[in-house]
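These notes concern the structure reproduced below.
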Amino acid sequence: MAIIVQKYGGTSVGDVERIKKVAERIKSYRDDGHQMVVVVSARSGVTNELIARAEAITPLPSEREMDQLLAVGEQETIALTAIALQAIGVPAISYTGAQAGILTDKAHTKARIHSIDATRLKTDLNAGNVIILAGFQGISPEGQTTTLGRGGSDLSAIAIASAIKADKCEIYTDVDGVYTADPRIVKTARKIEEISYDEMLELASAGSKVMQNRSVEFAKKYDVVFEVRSSFNYNPGTIVKEEVASMEKVVVRGVAVDKNQSKVVITNLADKPGSAAKVFRALADAHIVVDMIVQNAGSNGVANLTFTAPANEVSKATRALEPVLKELGGSISSQDQVAKLSVVGVGMKTHSGVAATLFQSLADSGVNIDLISTSEIKITVSIAQAKADEAARAVHTAFGLDKA
Ligand code: ASP
Ligand code: MG
């Protein structure tokens, strides 16, 4: 008998029929003798719909009230899931975040979990109940409802698994796991059996996001092994865990493509201490997430600075930079239809020639490389968006990912 935490995302509990299916799956685990704690998200679309309603009233609703509002989405699904279990003879109790003792700080809409007091939950669990826990929400020291940021149900699941020392944590979604590439683009993409936390985080930041990043960071910090799998079938998923030596045998674990990027170039920026700081402070204050940053060697007192950002943030970036450029000189231009292609793998730490293989395969497909950036386990290039799919296929093949 094991203690198992399962988390079902929005599509897995998308309607009443889906919720009944999920209840059947939970029942089969319980029939095998396991103790079950189940975290659920709001039905898919509900959180967005609630946000839209508030914003139809005012563009900047108060964050406290937004948390009150958004917590409703998960509250609906916990009750429906508990009702569905009870209807098939399984004792089940639903818990809001507050009832489950998920204590957070008071940062409304992006709260962090401080601690979990699982006493009550454990009592009900030991009495034979399935616990259905609302994801994405908690309670602040002042007794206020808080939420954990979009996609936060993943974090709720990892945190509760850690708090009750679960034997197993399963994250159910609408895909079979983490793939070597997007199967819609790369037909030969394969499901990855095991991946390290760091690889998962890098793939997500490169455009292959399966889970909320904070939840993966939390799992890494507290060493929570989990499995990402589909609630629409019974296939095994992808195990996410601490890096082990055997993982380094694979040089590249996956290829990620992000087609929604733009490139911003600042030319003739004053080449002096503080220029870059001012540029990126202005971008940070405008909450723009900047990715690849490249600066060339300055000459004649000026330098060019280039970065990529999500395509829909470029006009905001340009506006944010106007006052800075007035002060420092320089002019700004942007180019859209840019894609980022990344290869990720812990094996890069111990293998050489990864960049050479990547660049050669792009050259062989006639793809021009624009910017290049690297980290210990990732190489990213920016290329033309129109070439991105073809490039992903070529690179996938070049690193031997087509075959197991
Ligand atoms: N319902 C929340 C959201 O849509 C939390 C989650 O689904 O994980 O962001
Ligand atoms: Mg979700």
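Atoms within a ligand are numbered from 1 in the order they appear, just like the ligands themselves. Reckoned from all heavy atoms, side chains included, excluding hydrogens, waters and symmetry mates.
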- Ligand-side contact atoms (ligand 1) for residue partner Ser41, heavy atom cut-off under 4.0 Å: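 Counting atoms of ligand 1 from 1, those under 4.0 Å from Ser41 are 6 (C), 7 (O), 8 (O).
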Does a donor on one side chain and an acceptor on the other come within less than 3.5 Å for [X] and [Y]?
X      : Y      : value
Asp402 : His396 : yes
Thr104 : Ser140 : no
Arg53  : Asn48  : no
Ser382 : Gln261 : no
His108 : Thr147 : no

- Message: Check contact between Gly73 and ligand 1, using heavy atoms of the residue and a distance below 4.0 angstrom.
- Response: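 Judged by the 4.0 Å heavy-atom criterion, Gly73 does not count as contacting ligand 1.
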- Are any of the heavy atoms in Gly135 under 4.0 Å away from ligand 1?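 No, Gly135 has no heavy atom closer than 4.0 Å to ligand 1.
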Consider every N or O of [X] and every N or O of ligand 1, then say whether any pair is closer than 3.5 Å.
X      : result
Gly151 : yes
Arg150 : yes
Lys7   : no

- Does ligand 1 have a heavy atom under 4.0 Å from the side chain of Gln212, from its backbone, from both, or from neither?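 Contact part for Gln212 vs ligand 1: neither.
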- Using the ring of each side chain (for Trp, its six-membered ring), is Tyr29 parallel, tilted or perpendicular to His34, with breaks at 30° and 60°?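 Tilted: the ring planes of Tyr29 and His34 meet at 30° to 60°.
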